[in-house]
Every structure is written in structure tokens, then in C-alpha cells.
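To keep things clear, I will list the structure first and then write my remarks on it.
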Amino acid sequence: MSETRSFIEVLLDQNFTRKLDYAVPKEWQATVETGMRVEVPLKTKTVQGTIVAVKPSSTYPSVKSMIRVISNASEMTSAQWRLAHWISHYYAAPLQRVLKCFIPPNIRQDVQEKTQNFLSFQKTQAEVLTECESLRMTNPEEALILEVLLKNKKGLFVSHLMEEHSVSKAAIQRLIQRKTLSLKKTPIPRDLIQEEEFFMTSPKKLNEEQSACLQKIQEALLSARFSAHLIHGVTGSGKTEVYLQAIGSALEQGKGAILLVPEVSLTSQTIERFRARFSEKLAILHHKRSFGERTSAWEGLRKGEIRIAIGARSAIFAPMQNLGLIIVDEEHDSSYKQSEETPFYHARNVAVMRAAQEGSTVILGSATPSIESRRNADQKKYILHTLRARATKASLPSVKIVDMKKTFDIYGGFTHFSSELLEGIKERLAVGEQTLLLLNRRGYHRLQVCADCRAVVKCPHCDLGLTFHREANALQCHLCGFQTKISRVCSACGSKKELVFKGFGTEHAERALHAVFPEIRTLRMDRDTTTKKESHETIFKSFRAHKADVLIGTQMIAKGFHFPSVTLVGVLNADAPLSIPDFRSAESTFQLLTQVAGRSGRSDLPGEVILQTFLPDHPVLKLAAAHDYDAFYQAEIEERSLFRFPPFSHLIKCLFLSKEEALAESDARAAFSFLEKNLPSGAEVLPVTAAGHPKVKDLYRFQFLIRTEKIEPILPLLSQIPPCKSQCKIDIDPLSTFF
Ligand code: ADP
Ligand code: ZN
Ligand code: ZN
């Protein structure tokens, strides 16, 4: 074999940005390929990494030999490499962090090793809770592991923990050594993709608007050149039917398709709809699926045996061969943005870039397209398709705005429900139809406040008031999960007067509803009732099976679901999201209201929507009530242009986190001054401020924004920000400028 394969460049999994050279022993020279996983020596240890180049020589005088190749074949196609480099560049993220998306930990597992490490508790729940509390300050990483496990009491795979929560093996190891956790090896079930029995569905005869849209997409697929399509179709207009037929066309041409859906829409209802149309295997890529299932799906894709992949945002990294089509359903959805850790990528933007690089067709679909995407359509970067009517006989629901000030006046104080809404619910009860109620706050009471000094009872780890949860009978922090008993004494002034509660959440609204209608059957859906793996799904199934008259919940209930018997949707506090000081708050409010309204009257029965608000004349509410996306878009685009917000600029958020408040602030200021001096024209830095949540999990947060016409000239500067002790997170095109 040739000496041209004598050396490899390896990117280690450790946080080393530099690539290292290794010599390739003779017996491996025929095997090595870029994209393979290898084991190599590093000082005295054996570590793993990814081959990023194979070459004939090395400029280093004394290179060590690699130990062995772990992969059967390259884990990445050349197209995937190109995309990885683009993400690393554009999102200013280290390449090995990006490679974690393309070669997730379950795939990194040794192929020879057919077992997985399974973690469970060795101590009682009370002992673990105490340990978790004390670890929060001293070792937040170990505390996080315990928190996650407390939510998954039966145990978890180590690789799942590492992948989903970015915790280190060392931290897990320490907990095992202290006998808090135990480790078991369990075999990986290899092929778990369930082939259930389905009645297959055949393609529906498309209406005129749908046909025109599909035809353009089919032409694009045939041309095998990149094109991007934005389908703006009202809720229930038959977008999904168009996706199904477009995937059919891609398959006919021997090409593969990736469908991205928002995290919460990845339910069996969605998956079944696709399974029932195609007789071939589907890869369902979801972290709630078993590892064996995901591993086998990933391998099936890589070998070209599976041609349809469905998943949440990370499915955009699927190793699909001969990619013809990418679909991003509900393209405006915020779950497409990874906002917790680097790379802070947006799966919709990655989808468009991937399609461009691979000469594929990309479809973005929504009833409320993001302002960015809609503007791209205006500028002819995307081809716009409009579906104006619902595909079935159903018409869009009628929407009524109710002024809650008047309601409060009539009731002489707070109530969840206006008489209009109560009347509506009563009518539905009488005829056996269903109601959805949206209240975007979970818990019972929002806050506990001292009656004397007005101090709010706050989380000891975060700068946030604690929410009272009645079922748990505890105060809870919605940022870190901290729980404590109700306060009896004010810690600020020592007053022993009973502390008062303020504000109301879903738990309270549910009880209030039972007080009005004692016989009413309700289901509640929020983060409290959906912690278990299947609970989300179970609640939906029960509601569809009409086991309840009312489903009350947070925004989780707003998205994409089809409940044929829902004819009334009530939004208890429609203006709440408008109060968030962010340039996107009007947009997200409009989207939320339109989406939730779209759940009403989806079959033959006409639907009604009631929006309760203190701002009955607010233009966003009025436009949402009128189903007038176009007018909303025009108004919003003028506003954004006036204030030079995206899409008229790019924002970059630089966030500094530290246990010391002063340090986080001074590090942010140092970076700010550096940028202020060095930014090119067309870019500016906005002042340093505390973040919307100034302290989370014992870390203080300071931030500033860069506003720039173009991202490209800023990127080299970002890597030159002076090194600092705080943790620095750089989010390119952040979703929120506030949090
Ligand atoms: P969207 O994805 O835009 O919300 P769907 O594709 O879910 O809309 O369509 C809504 C309903 O209309 C579904 O029950 C679907 O089966 C039905 N439907 C879609 N297209 C047609 C069509 N051309 N003829 C008849 N029914 C259709
Ligand atoms: Zn007090
Ligand atoms: Zn907290």
C-alpha cells in the first residue's frame, strides 16, 4: 500500500482546537479515511478523535503512532464535511463541537462493543436530593447529572446523558465512585425500528393551489439544482399533503428526503401519517428513541438503505445519501435553534445551506412564516407558494377579542374566565365538543410576596421569583428546578405576617374551571405533567379519544395537532408574550395566537376562538384575530427596518457567565471595548447589560450585542476577543436578545 497514507491528522474529542498528526502503522494504511474515528495516544492516555486528513508526510519530527481505527467506514460523506466546515465557520464554533452533531455519541460508540452503559441510583431519593442540593455550589456538573436522573428515575444510558446534557465522563465516574450511582452494562438492541401494521393511505387529489405548488417543487427536484420554496399555507391548508407527495417524487427519482418537525410535533400521530404513505423503512431520529434504534437508523442512512429521515432539529445532520429534498415544517418554530450550547446553529438555515451545497430542493412550510424567511421570498431568494384556504370543507375559525378590564370590573376582581368564554365552554359541554385553553404559565401561583416589605421569595441560585406548585406543594424555580417549602417568614425583613401569593398559572386555572363546572373533565399539559417519556403522547391520545372536555396547557398545546372535535379555543392572557422586551415579541405573539387558533374547527364543525386581553386594541392581536398575516408582515417589516433589526441586520450576542458578578461584568466590558475599537464600518456594539435572567444556576450573566450588516467580516474579530476567566458564549443570529 502506498506511503501516501502514512500519516493522519486527528481532531481529538477533547477541547483542543489544534489538530494532531499521527503515523499510521502498515496494517491500517489500507483502512484509514477522513471521517473515521480513531484511538490515539495523548501523553500517557489513550483518547479518541476523528480523522480530518490522510497525508503522505508530516512536518512534525517525532509523531506518535495511532492505535487503531474504531469505525467500519467513514462516518461522514464529503458533503457533510463541507457543511460541518460551514457551520464551524459561520457560527464561530470549534469544529470538534460541530462534529459532535454529525457523529453523535451513540454512533461514536465502539462498533465491536455491543453493550451500553446504564446508570441508576444506589441511594434513596431523599439522599440524592440532599446530595444534589449541596453539589449545586461546589460541583454544578455533578448536580446536573443528578437532576437529570431524578427526572428519569428508572435510569439512563451514559451516552444519552453525555449527548443531551454535555456532561463529562469524569463527573459521572466520580458519582459512581461515591456510590451515588451504579453502572450496569446492558446489550444494545440493534434493530428496534418498529414495523407496525398500517392501513396505507394513497395520495389525495390536490386542489389547485396545492397542485401549482407541488408542480414547481417537482420541476425543481428534476432539475437537480438547488432551489428553496416557502409554503405559506393557513393551518389545515394541506401543506403536509404536499410534503408527502414531494417526498414521493424524490423517492421516484431515487433520491432521499429529510423532514424536520418541531420537537413537540414528533409524535406518533405525525410519524404514522408518513409511515402510512410509504412502504419503505423510515429513520425516526429522536433522542427519546432507544439508542439501538437510532444507531441502526443512522447506519441504514449511511449505507443508503433508508431514504426517508424524520426528526427534530438535529436530523438535519443525518448521513443521507443522494439527498434530493429537505422539508422544514413549521419553519418559524423556535425549537430549530440550538440556544443552550455551541454550535448555536439554526436548523432551518443549516437546511438551506445543506440543500445549496448538495444541489437539493428545500421546502420551508408555515402558517406564520418567520419574518426572515418571508423577506427572503420577497427578495426572490425563496419561491413563495400561498395556500389560502383550508383543504377540507372547514373554514378558518371566527376570532373574538374580549377586554378583560371590563370582565374584572364586572366580577370586582381577578378571574381566569370572561363570561363569553364560560358561555362558550358551557355550550361545548352541552353538545359534547371540546375546548382548548392556553395559559402560558405553569404552576399554581406565580410568586410569593411579603405582605410587609413586598420582597419576592427568590431562588437561592437564580435571580427569579419562585412559583408555587400546588400538586407538589412546593415553591419551584423555573430556571434551575430548585424546590423548597412555602415560606412562613420573610427572609428580607423577618416579618411573620403570612406571605401572600401573586399571579396564576395552569394549575390554578384548572381548579378554577372545576369550581365553575363541577362535572367537567379536564386534562392539563405543561412541563409539570409531561416530564415522563410518554406522558406528552398519552395526554394527546386521551384528549383525542375524548376522555376530557377541556385541555388546558402552555404553548405546548398550540402546535400542529389535529383534534377533530375541538371547536373552541380560549387564550386566557393573549397579550402576555408581548411584554417580553425583545424585537421578536410581536412576531412570536402573532405566531402563537395564529397557531393556537388554528386548532379550532379543523373538521366539519365550525370553530371559534376567544382571545382574552388587557390590550384589546393592540394591532398584533387585531391582525391575528383577522388571520391577516400579510398585513402583520408589512407592519413588522417596516418596524424592523426603522430600528435596523433583523432581517435588516445581523445580531451577534456575546454572553459572559461567571460565579462572580463583577468578573462577568468586567469581562463583558473588556470584550466590548476590544470590539468597539476594532469593528469594521457597518458594524456597532450595543451597551453591556445584565441578561434578561441576570443570574441562573449560580452564574451571573452579562451580555452585549453586535449589530452588523454582514457576519463575515466580524468572524475573525470574534476569535481575537481577549481571553477571560468568565465563560464566553457567542450566539450568531440569536433568537432572543433578552434571555
Ligand atoms: P397542514 O399541514 O397545512 O396543516 P394538512 O396537510 O394536515 O394541513 O391537511 C389538513 C387536512 O386536510 C388533513 O385532514 C388532510 O388529510 C386534508 N387534506 C389535505 N389535502 C387535501 C386534498 N387535496 N383533498 C382533501 N383533503 C385534503
Ligand atoms: Zn418582608
Ligand atoms: Zn433557580
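Nothing fancy with the numbering, it's 1 onward along the sequence.
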Show the nearest heavy-atom pair for residues Pro104 and Trp298, with the distance to one decimal. CD-CZ2, 3.8 Å
Hey, does Lys729 have a side-chain heavy atom less than 4.5 Å from the side chain of Phe344? yes
Ile371 side, atom CD1; Asn376 side, atom CG - distance, nearest 0.5 Å: 11.5 Å
Go through it in stages, so that I can follow the logic: the residues are Arg37 and Asp13, the test is salt bridge (charged side-chain N to carboxylate O under 4.0 Å, His left out), and I'd like the CA-CA distance, side-chain angles, deciding distance and then a yes or no. CA-CA 10 Å; Arg37 304 272 305 151; Asp13 296 349; 2.7 Å; yes
Shortest non-hydrogen pair, Val696 vs Arg701, comes out as CG2-CD, 3.7 Å
Distance alone, cut at 3.5 Å: any donor-acceptor contact between the side chains of Thr50 and Glu75? no
With sequence neighbours excluded, what pairs up with Glu331 under the salt bridge (Lys or Arg N to Asp or Glu O under 4.0 Å) test? Arg348
Check whether any side-chain N or O of Arg136 sits under 3.5 Å from a backbone N or O of Ala143 as a donor-acceptor pair, and report yes or no. no
Would you call Arg374 and Glu587 a salt bridge, using N to O less than 4.0 angstrom? no
Can a salt bridge be assigned to the pair Arg669 and Glu665 using a cut-off of 4.0 Å between side-chain N and carboxylate O? yes
Would Tyr382 and Val362 count as a side-chain contact (heavy atoms from CB on, under 4.5 Å) if you check the C-alpha gap in whole Å, the side-chain angles of each, and the deciding distance to 0.1 Å? CA-CA 9 Å; Tyr382 300 165; Val362 58; over 6 Å; no
NZ or CZ of Arg707 within 45° of Phe645 ring axis and under 6.0 Å: yes
Might you work through the side-chain contact (heavy atoms from CB on, under 4.5 Å) test for Leu699 and Lys659, ending with a clear yes or no? CA-CA 5 Å; Leu699 294 176; Lys659 286 193 171 164; 3.7 Å; yes
List the atom of Gly35, the atom of Ile103, and the distance in Å for their closest heavy-atom pair. O-CD1, 4.4 Å
Looking at every non-hydrogen atom in both residues, tell me the closest pair between Ala53 and Ile51 and how far apart they are. O-CG2, 3.4 Å
Parallel, tilted or perpendicular: ring planes of Phe656 versus Phe704, cut at 30 and 60 degrees: parallel
Using modelled atom types only, decide if a donor and an acceptor are shared between the side chain of Asp582 and the backbone of Phe738 within a distance under 3.5 Å. yes
Would Glu341 and Lys100 count as a salt bridge (charged side-chain N to carboxylate O under 4.0 Å, His left out) here? Give the steps. CA-CA 12 Å; Glu341 58 178 23; Lys100 257 181 97 174; 5.6 Å; no
Can you name the nearest heavy-atom pair linking Tyr336 to Asp329, along with the distance? OH-O, 2.6 Å
CZ/Phe702 to SG/Cys654 distance, rounded to the nearest 0.5 angstrom? 15.0 Å
Tell me if a side-chain donor or acceptor on Asn678 pairs with a main-chain N or O of Phe674 at a distance below 3.5 Å. yes
State, without any angle test, whether Gln321 and Thr77 hold a side-chain donor-acceptor pair at a distance under 3.5 Å. no
Could you tell me whether Lys255 and Glu358 make a salt bridge, using a distance below 4.0 angstrom between a side-chain N and a carboxylate O? no
Checking Asp733 against His650: is there a side-chain donor and acceptor pair closer than 3.5 Å? yes
Does atom CZ of Arg644 have more than 12 heavy-atom neighbours from other groups under 6.0 Å away? yes
So His461 and Leu479, side-chain contact (heavy atoms from CB on, under 4.5 Å) or not? Walk me through it. CA-CA 9 Å; His461 308 289; Leu479 289 175; over 6 Å; no
Main-chain N/O of Arg174 paired with Glu142 side-chain donor or acceptor, under 3.5 Å: no
Applying the ring pair (Phe, Tyr, Trp, His ring centres under 6.0 Å) test to Tyr345, which of Trp86, Phe102, Phe317 qualifies? Phe317
Are there over 12 heavy-atom neighbours, none belonging to Gln720, within less than 6.0 Å of that residue's CD? yes
Keeping the roles fixed (side chain from Tyr700, backbone from Leu663), state whether a donor-acceptor pair exists under 3.5 Å. no
Is a side-chain donor or acceptor of Lys381 paired with a backbone partner of Ala228 at a separation under 3.5 angstrom? no
So, Asp667 side chain and Ser726 main chain: donor-acceptor pair closer than 3.5 Å or not? yes
Does atom CZ (Phe648) have a neighbourhood of more than 12 heavy atoms from anything else shown, all under 6.0 Å? yes
Atom NZ of Lys64 with >12 non-hydrogen neighbours under 6.0 angstrom: yes
